[in-house]
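See below for the structure under consideration.
As the structure lists them, so they are numbered: ligands from 1, and atoms in each ligand from 1.
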Amino acid sequence: MKDVVVIKCGGSTIAELSSEFFLSVVKMQESGKHPIIVHGGGPAINHLLQKLDIKSEFVDGLRKTTEDVLDTAEMVLCGKVNKQVVTSIHQAGGQAVGLSGCDGKLIEVKPINEGMLGYVGEPTKVNTSLLSSLMELNMIPVIAPIGMNEQGVHYNVNADSAAAAIAKELGAEQLVFVTDVDGILKDGECLDKVTADEIEEYIADGTIYGGMLPKVRAALSTLTDSLQSVMIMNGKSTNLGKDGSVQGTTIIKSKMKLYVS
Ligand SMILES: Nc1ncnc2c1ncn2[C@@H]1O[C@H](COP(=O)(O)OP(=O)(O)O)[C@@H](O)[C@H]1O
Ligand SMILES: CC(=O)N[C@@H](CCC(=O)OP(=O)(O)O)C(=O)O
C-alpha cells in the first residue's frame, strides 16, 4: 500500500520521545501519508520483571519467554506502553487506536524455537485489511508486539520483527526504526549507508550485537523493490516528517542496486 510509513518506536527511547515527535507523526498523516506505530518496551518489561522477581535473559537480542515472562510482557506492552503512545498521539491532535497482535488476529505467529526461547513467536501473517480499514478512518494504529498462533496461544514478538512483517505485508513505502542511538555505529562513528553484505560482516566481527541484531535482521527481511531502504535513527534528535530529511543509518540491499534503480 502506497504512502504507508511504519514507525517502530523502541522501548529504549519511548519514554524520551518528545511531543514534537508525535506532532510530526500527526503532520505526516495530514500530508497524506498513513503512519503506523509499532512499539517495543524492553526496559519497562525489565523493570516489572525485576519488581516481581522474575528472571529473564536475552539470546541474540530476543528475550527467553516463560509463561510468567509472557504474562508480564503482555501486561506492560498491551497495557501501559500501548496506552501511553495512544495518549501521546491524541495529545498531538491525532486519533490513535491501540491494538496488540492478538486483536483482530492482527499478527499471527509461529514459535521460533520453543525449546530454546519459550513463548517467542515470529510473524507468519498480518491482518492487513484491519489496518487498511483503520487508516481509511484516519486512525493511526498503535501496535503492541504480542501475537497469537492459530490455537489462540499468545507469544512474545520482538517489536522490530513485528514492524518489519507489517511493513512487508502492507507493501509499505517506508520503515523507520526509532531507537536510542544515532544509527549503526562502527568504531564510534554513525554509518550513513550499510548494505546486506556489510551487515553480515559487522555481525560476524561483533560490531553489531544485542538489540541491534533483531533490528538489522528485520530490516533485511523487508527489503524489496517497493521498499528499497530501511532507516535506523535516534528518537532524541528526530525530525521525522520534515521533508523526509531524517538522519541516521540507511540499510540497503547493495550499493549496485541503489545506483541502477
Ligand atoms: N553497531 C551498533 N550500533 C549501534 N548500536 C548497537 C550496535 N550494536 C549493538 N547496539 C546496541 O543496540 C541498542 C539498540 O537496541 P535496543 O536496546 O534493543 O533498542 P530498542 O529498544 O530501540 O529496540 C543500542 O543501544 C546498542 O546498545
Ligand atoms: C521476543 C522479545 O524479545 N520481545 C521483546 C518485546 C518488546 C521489544 O521488542 O521491545 P524493544 O523495542 O525495546 O526491544 C521483549 O520481550 O523485550
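- Neither the backbone nor the side chain of H39 has any atom closer than 4.0 Å to an atom of ligand 2 (non-hydrogen atoms only).
- Atom 10 (N) of ligand 1 has its nearest heavy-atom neighbour, among E189, K8, K215, M212, in M212.
- Every salt bridge (charged side-chain N to carboxylate O under 4.0 Å, His left out) that K55 has, sequence neighbours left out, goes to D53.
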List the atom pairs, donor and acceptor, that lie under 3.5 Å between side-chain atoms in residues 7-16 and the rest of the protein, sequence neighbours left out.
unit_1 : atom_1 : unit_2 : atom_2 : d
K8     : NZ     : D160   : OD1    : 2.9
S12    : OG     : T179   : OG1    : 3.4
S12    : OG     : D180   : N      : 3.4

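- Here A159 has heavy atoms under 4.0 Å from ligand 2 in both its backbone and its side chain.
- Closest heavy-atom approach to atom 2 (C) of ligand 1 within the set V181, T207, I14, T179: this belongs to T207.
- Ligand 2 lies nowhere less than 4.0 angstrom from a heavy atom belonging to G211.
- Residue contacts with ligand 2 for T65 are absent, since no atom lies close enough (heavy atoms, distance under 4.0 Å).
- Counted by atom type alone, D205 and T207 present one or more donor-acceptor pairs between their side chains at under 3.5 Å.
- With a 4.0 Å cut-off on non-hydrogen atoms, H39 does not touch ligand 1 at all.
- The residue K186 has no part lying near ligand 1, judged by heavy-atom distances below 4.0 Å.
- Taking a 6.0 Å sphere around CD of E114, one finds it holds more than 12 heavy atoms contributed by other residues, nucleotides or ligands.
- Considering both main-chain and side-chain atoms, G11 comes within under 3.5 Å of ligand 2 through a nitrogen or oxygen pair.
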